[in-house]
Amino acid sequence: MEITRDNILIALSEVQDPDLKKDLVTLNMIQNIQTSNDVIKFTVMLTTPACPLKEIIRKDCEKAITKHFGDEVQMDIEMSSNVTTVRTNTPLLPGVKNIIAIASGKGGVGKSTVAANLAVALAKTGAEVGLIDADIFGPSVPTMFNCEHEQPTVTPVDGKNKIMPIQQYGVKLMSIGFLSPPDNAVVWRGPMASSALKQFLSDAVWGELDYLLIDLPPGTSDIHLTLVQSVPVTGAVIVTTPQKVALADAQKGVGMFKQPQINVPVLGIVENMAYFTPEELPDNKYYIFGENGGRKLAEKNDVPLLGQVPIVQSIRESGDAGYPAVLKDDVTAEAFRNLAESVAQQVAIRNANQAKTQKVEINT
């Protein structure tokens, strides 16, 4: 077959995106085709830099080109990405492609640890990431990112004073913890806490982001309602531990997002503290909180199990030290990297197959 642009597209139309179940040409993922001296060069534009299927797609492209043009042809395949979005014409956070709520039914399940490591893991893939600490009464982001004594600066934008988020480990951060002394309790009524979240959304300079993660407080509160009433949320990630009492509360979290009047897609379940692995016995797993509780919750609600994160002493130490565990090179870091790939994958699938989320109109 003659090497032409049209023939290359015919060859690559046989390659499917395993998640989206359509071929790469139909999805407009093949770009910048060039040919010279029996060298075929093109770019595969993935839906996220954290794509877990990157190498599978590359190999499928190589096989298709070889099948149509023979073994002698040389290939130069660039794997790039453009994160997908269904957020359009949004006056609030116009440069943010995806807003992801990180929620839990109860406290103490490691939701903030998951949110912090997920944000850093996504940033490490090359994505532009922000994280809002919406747990107004128990802010933990300043400690987990080792910036407890940082204070955001204020800059004028279009005649209004705007807050510049703190940047650490490649993530833009906002937290009430940056605006109040670390030893002071935030003693506010609900509407004041909701007002703080609105300010983080509207008065901070977030710029262009692929993912903005919102670390919500435990439970189902007015903060949650404020979020879904203020911006269209791409999807929610529910964090739980395997034991029965945590799962019962996590089910309420899933139920809240699935309510018809809220209708935010649940991207999946994260089972934190899934098992204990001693450092000296890395191949041993002890299910001290029960086994596969998160998996069963995901199956019950027909949503993906995004990841199972072990309980390892280094995770707690990393959080206390302000150096997220995903920045290390161990079993925990791998679990969080896999989690980031799963979340990015589910966001891409959600954006391809579901309508955009609408802002919620609830009178409470």
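Hydrophobic clustering keeps L305 apart from Y287 (ILVMFWY residues linked when any side-chain heavy atoms are closer than 4.5 Å, directly or through intermediates). V86 and V233 are assigned to two separate hydrophobic clusters, defined by single-linkage of ILVMFWY side chains at heavy-atom distances under 4.5 Å. If you chain together hydrophobic residues whose side chains sit under 4.5 Å apart, L92 and I132 fall into the same group. Cluster annotation: I33 is not connected to M45 through the hydrophobic network of ILVMFWY side chains, with a link wherever side-chain heavy atoms come within less than 4.5 Å. By the rule that hydrophobic residues join a cluster once side-chain heavy atoms approach within less than 4.5 Å of another member, I40 and M79 end up as members of one cluster.
Judged by distance alone, with hydrogens and angles left aside, the side-chain atoms of K172 form no donor-acceptor pair with the main-chain N or O of L209 at under 3.5 Å. The backbone N or O of V141 sits less than 3.5 Å from a side-chain atom of D133, completing a donor-acceptor pair. In this structure, K111 contributes its side chain and L216 its backbone to a donor-acceptor pair below 3.5 Å. Within the 3.5 Å criterion, the main-chain N or O of P18 finds a donor-acceptor partner in the side chain of K21. R87 places a side-chain N or O within 3.5 Å of a backbone atom of L93 that can act as its donor or acceptor partner. Distance alone, capped at 3.5 Å, is enough to place a donor-acceptor pair between the T234 side chain and the I99 backbone. The main-chain N or O of G293 is found under 3.5 Å from a side-chain atom of E271 such that the two form a donor-acceptor pair.
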* Kindly determine whether V120 and F336 satisfy side chain to side chain contact (heavy atoms under 4.5 Å, CB included), including the steps that lead there. => CA-CA 9 Å; V120 175; F336 283 124; over 6 Å; no
* Asked: Is there a side chain to side chain contact (heavy atoms under 4.5 Å, CB included) between T332 and N117 once you walk through the steps?
  -> CA-CA 10 Å; T332 309; N117 280 279; over 6 Å; no
* Kindly indicate, with the supporting measurements, whether the criterion side chain to side chain contact (heavy atoms under 4.5 Å, CB included) is fulfilled by L173 and M144. => CA-CA 11 Å; L173 307 167; M144 290 186 168; over 6 Å; no
* Before giving the answer on side chain to side chain contact (heavy atoms under 4.5 Å, CB included), spell out for Y211 and T48 the whole-Å C-alpha distance, their side-chain angles and the decisive distance to 0.1 Å. => CA-CA 10 Å; Y211 307 100; T48 172; 2.9 Å; yes
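Atom CG of L131 sits about 11.0 Å away from atom CD1 of I100, to the nearest 0.5 Å. Between I77 atom CD1 and T43 atom OG1 the span is 10.0 Å, to the nearest 0.5 Å. Here E150 contributes atom CD and S175 contributes atom OG; the two are 12.5 Å apart, rounded to the nearest 0.5 Å. Rounded to the nearest 0.5 Å, atoms CD1 (I176) and CZ (F200) are 4.5 Å apart. Between the CD atom of E55 and the CZ atom of R58 there is a distance of 5.0 Å, given to the nearest 0.5 Å. To the nearest 0.5 angstrom, M29 atom CE is 8.5 Å from C61 atom SG.
The shortest side-chain heavy-atom distance between Q34 and D76 does not fall under the 4.5 Å cut-off. The shortest side-chain heavy-atom distance between R295 and E299 falls under the 4.5 Å cut-off. Looking at heavy atoms from C-beta onward, V303 lies out of side-chain contact with V254 at the 4.5 angstrom threshold. When side chains are defined from C-beta on, D210 does not count as touching V129, because their heavy atoms never get closer than 4.5 Å. In this structure, L12 and L24 have side chains that are not in contact, with every pair of non-hydrogen atoms separated by 4.5 Å or more. Here the side chains of V83 and E128 are not in contact, with every heavy-atom distance at 4.5 Å or above. Side-chain atoms of N7 and H68, non-hydrogen and from C-beta on, never get closer than 4.5 Å to each other. Looking at heavy atoms from C-beta onward, V109 lies out of side-chain contact with V114 at the 4.5 angstrom threshold.
The aromatic rings of Y323 and Y169 sit perpendicular to each other, their planes meeting at more than 60°, with 30° as the lower class boundary.
Residue-environment remark: CG (N284) exceeds the threshold of 12 foreign heavy atoms within 6.0 Å. Annotation: K162, atom NZ; neighbour count of heavy atoms from other residues, nucleotides and ligands within 6.0 Å is above 12. Applying the 6.0 Å contact sphere to NZ of K356 captures more than 12 heavy atoms from other residues, nucleotides or ligands.
The two residues P217 and D135 make their nearest non-hydrogen contact at CB-OD1, 3.7 Å. For A333 against K328, the heavy-atom pair with the smallest separation is CB-O, 3.2 Å. T84 and A348 make their closest contact through OG1-CA, 3.9 Å (heavy atoms, listed as atom of the first residue, atom of the second, distance). Contact detail for P165 and A204: the closest heavy-atom pair is CG-CB, 4.3 Å. Between F257 and I262, the shortest heavy-atom distance links the atoms O-CG2, 3.9 Å. Nearest heavy atom pair, residue T66 against residue M75, reads OG1-CE, 3.6 Å.
No side-chain donor from either of D60 and Q16 sits under 3.5 Å from a side-chain acceptor of the other. Of the N and O atoms on the side chains of T241 and Q243, at least one donor lies less than 3.5 Å from an acceptor on the other residue. Side-chain atoms of N292 and Q308 include a donor-acceptor pair closer than 3.5 Å. A donor and an acceptor atom, one from each side chain of N82 and K97, are located under 3.5 Å apart.
By the side-chain hydrogen bond (donor to acceptor under 3.5 Å, both in side chains) test, Q345 is found to be paired with D19, residues two or more places apart in sequence or in another chain being considered. For K285, the side-chain hydrogen bond (donor to acceptor under 3.5 Å, both in side chains) test picks out no residue, with sequence neighbours left out.
Cluster partners of F289, by chain and number: M273, F276, L281, Y286, I288, I311. The rule joins Ile, Leu, Val, Met, Phe, Trp and Tyr whenever side-chain heavy atoms lie under 4.5 Å apart.
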